[in-house]
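To keep things clear, I will list the structure first and then write my remarks on it.
In what follows, chains carry the letters A, B, and so on, assigned in the order in which the sequence lines appear, proteins first and then strands, with residues in each chain numbered from 1.
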Amino acid sequence: MSASVIPARTARAIGSFPGGIHPAENKTQSLTRPIQSAPLPETLIIPLTQPGYQQAELLVKVGDHVLKGQPLARGRHGIGVVTHASSSGVVSAISEQAVPNASGLPELAVVISTDGRDQWLPHTGISDFQSVDRDVLLSRITEAGISGLGGAGFPTHIKLRNQHSLIKTLVINACECEPFITADDILMQERAPDIIQGIKILLYLLQPQQCLIGIEDNKPLARAALEKAIDDERIQVVSVPTKYPSGAEKQLIQLLTGLEIPSGTLPAKSGVLCQNVGTAYAIARAIDHGEALISRITTFTGAALNRPGNLEVLIGTPMEALLDACDLDRSQLSRLIMGGSLMGISMTALNLPLLKISNCVIATTAQEIPLPQAALACIRCGMCAEACPVSLLPQQLYWFARSKEHEKATRHNLFDCIECGACAYVCPSHIPLVQYYRAAKAEIRDEQDKHRRGEHSQQRFEFHQQRLEREKAKEEKRRQERAELARRNREAKAAGKPTAGQPDDIQATLERVRAKKAKAKELEENS
Amino acid sequence: MSLPQLSSPHSHRPLGTAQVMQTVILACIPGLLAISYFFGWGTLINILWLGLLALALEALVLRLRKRAIRVYLTDYSALVTAVLLGLSLPPTAPWWLGLIGIAFAIVIAKHLYGGLGYNPFNPAMVAYVVLLISFPLEMSTWLSPRGVASLSPQVPGFLDSLHAIFSFGDKASAIDAYIGATPLDEFKQQRGGMLVSEFWNQNPLFGRWSGRGWEWVNLGFLAGGLFLLYRKIISWHIPFSLLAVMLILSALFYDNGSSTSHGSPLLHLLGGATMLGAFFIATDPVSAATTPRGKLLYGALIGGLVYVIRIWGNYPDAMAFAVLLGNFSAPLIDYYTQPRTFGHQSGK
């Protein structure tokens, strides 16, 4: 058998997941030009958002001059994310600012008036990461403020810590399955060596047996770039069929490994860890160059932009200037979406700041993405169930959510819903299914919360009762002891011995009281 | 400028309920053409008549229920009911039969139960069964297909059909000359101990595989059904298991065409309402089971019932009864056939 000179790098997916949809991809529009650098904004609005709504610990105050890459705030208890100034300037305010989020609530942010010098805080990289202890690398990743760049934004260092021995497979998510988004695609095309370097750092940190890069088969250029850059035999590119949501974490793991991660558990428990290509890139920048995560590639697309494309933007840049850099036609703009067209969130203003999770901004027109139609009655057609990637029965869940039958909804595994939107996408009656599920989940969580609080006060009541009883018992015991002492004293007295520490008059008083009590008892018994 | 705050997903597949219903109606055309070729204009006239009534009744009820008439009328669901009932009625069904039927379907079976999406039973089949039980004579008066009648025009003309449907009390209609039994009925009642092949050869009601004309009608509906599958309007589960069970049962009891045979699989698969039922009626999503395994079970149940009633029941065909019985079981079937959710062990 003759050995082939170039090993075939790309494998086919060995698993598959049920359901899924094939929406119009809308990716070519933003792929016509290479990554552009964005103009330096006059103001940066850097939200200090922490996971779990924790308070961030501020490291600067208003009026401070900060350098590019200087930490502004960090999470408490080591589980938060460090945020950095993405350019040099003066902290002009630390206040609540409107940010792109689903709730629409403002969040605490550091506002920086940039000085135009874009001056870095001195920083150095590690030239040979293999010569450094893993903990050093991990703390570098923590200090660089890296969080998942695929969209969910989970702090990367938490994912990487304390799991070294467990992980058998490192999965790199290069699917980018949502329509419109091309940020990862172009990043792979242009900066594949850095991505591979980041993956090698992850391999060093986690020591898995293999690394699989899952990429949808609609990105041949990116795949070729990765294959060219791979110089480590542990890394393999796996092509997966283009089908939404192949980039959802557990679905991708199923595609690549055939493993089905049990409900309610993290993939790490099954020996798999998933990271996005963008995150791998950020890790390489942090380790090799000592750069904090202060910029990312964001896709600006949608029919309201005359020059869509991918921009390398500073975190915290107000989007309006970026949209204008892509020649926004305000008269055509009907909606602004951060993220893809299936899971993205609406933005109600043009000037919201760009976040670490902002992989895409869609400035769309009423023709391109029509406003939602009025929902009609569910005809139980079951198209939603066919589209569901986790094999739920979306229409049953819809009935349960509508009628507030929360117990049934929970039993039909409402909480396994990943809110990918495939069901609502195919629903011929245009029912906003995901909205119903979100509301039902929130209501159930609320109920559970109330239940827990109720249980808590019940417990407190019971403890209170127990304490009262304990005190009563103690009192009773003391009374008996006193009675016993009195009895002994009485006996001693009868024997003619002087009582210890009990003067006679006290004894007499006790006697009188006892006689009175006995009399009262007699009366009571007679009545 | 105001930008709306909307919940994801933002984009939507360009396929609505109205298009689903339109596609169903479109897919009925091959079957309707075959019926019209073999039995004349009656069915088409009935469909138009029922369609008119259905829209009027739907509008009336929507008005009474204070619903947006335009929105719900343009979902085409009332028209689908009219078309399915029209295809099921005999081509000579008098106007009042259709009126009673469609009124029952739209007003009682559909709207009294809450309207589209809420009706537990297939409205067209409820109407069909009500008519069959109440007016057995009118409901079992079928025509002989083209190629059987020895008259000079082999099927009734447009005016004859129109007259048959709207003849206000005129009994001596020209249509009487065309009246004849259906092949399934004939096979069940008239065979009298003959071998299947003997009976087949001497009876002009039988064609190549099944009843003359009926085999083409069924092939027409099969073609339409495959179109619906191709367009992903219906899933394969219900037609597949329904037809599979009928095939198995009829093959099992075929007995090589002996004198006690219950007819060949093709007689049953391409006879009566089999294909119309399998692809257009049993698949009515509102009243059918909805889980993948549930659909298989539901289709199998209907297929089995159709065969059992055809052979051992009182009626020559049984799609309507079988579908209604299936409708009864659908919630139970759904409950016990929930798919295994991702990441869960099988069972609960």
Side-chain angles (χ1 to χ4, degrees), chain A residues 17-18 21 23-24 104 179 250 260-265 330 333-337 339 341-350 362 369-374 376-383 385-386 389-393 395-396 412-413 416 419 421 424-426 428-430 432 434-435 438, chain B residues 1-21 23-24 67-68 71-72 74-75 77 80 114-120 232-235 237-238 283-292 294-295 330-331 334-335 337-345 348:
Chain A
F17 64 90
I21 52 175
K250 290 184 176 179
E260 196 175 311
I261 306 299
S263 169
T265 69
R330 285 177 169 69
L333 180 68
S334 70
R335 295 158 81 176
L336 200 57
I337 298 161
S341 62
L342 292 167
M343 288 186 82
I345 57 174
S346 282
M347 292 189 288
T348 51
L350 283 177
I362 309 173
I369 301 183
L371 287 171
Q373 292 184 30
L376 295 172
C378 168
I379 54 168
R380 303 184 6 118
C381 63
M383 288 181 189
E386 277 165 41
V390 283
S391 299
L392 293 168
L393 292 174
Q395 48 139 324
Q396 300 290 87
H412 278 69
N413 303 325
D416 283 286
E419 298 178 19
Y425 174 82
V426 299
S429 297
H430 294 91
V434 181
Q435 222 171 314
R438 284 201 196 104
Chain B
M1 179 184 337
S2 77
L3 294 167
Q5 172 87 38
L6 294 162
S7 176
S8 68
H10 304 280
S11 53
H12 195 278
R13 180 165 64 169
L15 176 75
T17 306
Q19 286 99 305
V20 170
M21 300 290 175
T23 313
V24 172
R67 297 295 167 100
V71 173
Y72 290 98
T74 50
D75 67 17
S77 63
V80 168
L116 179 65
Y118 296 89
N119 47 300
K232 297 198 167 142
I233 300 292
I234 58 173
S235 74
H237 304 79
I238 293 176
T283 52
D284 162 36
V286 176
S287 53
T290 61
T291 66
K295 283 184 194 169
D334 274 347
Y335 182 82
T337 55
Q338 285 175 40
R340 186 184 66 83
T341 307
F342 180 91
H344 284 256
Q345 298 297 312
K348 285 284 159 129

| message | Please classify the contact of A288(B) with chain A as side chain, backbone, both or neither, using a heavy-atom distance under 4.5 Å. | response | backbone
| field | Proximity breakdown for A349(A) and chain B, heavy-atom pairs closer than 4.5 Å | value | backbone
| Pairs of heavy atoms under 4.5 Å with chain B: top-ranked of T265(A), L336(A), I261(A) | I261(A)
| From T341(B) atom OG1 to H412(A) atom NE2, the distance as rounded to the nearest 0.5 Å | 8.5 Å
| said: So which residue, G382(A), A385(A), C381(A), ends up with the most heavy-atom pairs under 4.5 Å with chain B? | reply: C381(A)
| said: For the interface with chain B, which of P432(A), C378(A), P179(A) has the highest count of heavy-atom pairs at distances below 4.5 Å? | reply: C378(A)
| Under 4.5 Å from a heavy atom of chain B, the part of I379(A) involved | both
| Atom pair CG (L392(A)) and CZ (F342(B)), whose distance is rounded to the nearest 0.5 Å | 11.0 Å
| request: Examine whether an atom of K232(B) lies under 4.5 Å from a heavy atom of chain A, and if so say whether it belongs to the side chain, the backbone or both; otherwise answer neither. | output: backbone
| Separation of D334(B) CG from L393(A) CG (nearest 0.5 Å) | 7.5 Å
| remark: Heavy-atom closest pair (V434(A) atom, P9(B) atom, distance to 0.1 Å) is CG2-CD, 3.9 Å
| message | Could you check whether any side-chain N or O of R335(A) sits under 3.5 Å from a backbone N or O of P4(B), counting only pairs where one atom can act as donor and the other as acceptor? | response | no
| Contacting region of V286(B) [heavy-atom separation from chain A under 4.5 Å] | both
| request: Name the member of I337(A), I369(A), I362(A) that forms the most heavy-atom pairs with chain B at distances under 4.5 Å. | output: I337(A)
| message | Taking side chain as everything from C-beta outward and backbone as N, CA, C, O, which of these in L371(A) sits under 4.5 Å from a heavy atom of chain B? Side chain, backbone, both or neither. | response | side chain
| Residue among P292(B), P285(B), P14(B) with most heavy-atom pairs under 4.5 Å to chain A | P285(B)
| field | From CD (Q338(B)) to CG (N413(A)), nearest 0.5 Å | value | 7.5 Å
| Check: S346(A) side chain, Q5(B) main-chain N or O, donor-acceptor pair, under 3.5 Å | no
| query | Which value, rounded to the nearest 0.5 Å, describes the distance between H12(B) atom NE2 and L342(A) atom CG? | reply | 10.5 Å
| task | Select, from A24(A), A377(A), G344(A), the one with the greatest count of heavy-atom pairs under 4.5 Å involving chain B. | result | G344(A)
| request: Check whether any side-chain heavy atom of M383(A) sits under 4.5 Å from a side-chain heavy atom of V20(B), and report yes or no. | output: yes
| request: Supply the atom-to-atom distance R438(A) CZ to S7(B) OG, rounded to the nearest 0.5 angstrom. | output: 4.0 Å
| query | Going by distance alone, is a donor N or O of one side chain under 3.5 Å from an acceptor N or O of the other, for H344(B) and S263(A)? | reply | yes
| Pairs of heavy atoms under 4.5 Å with chain B: top-ranked of Q395(A), Q435(A), H430(A) | H430(A)
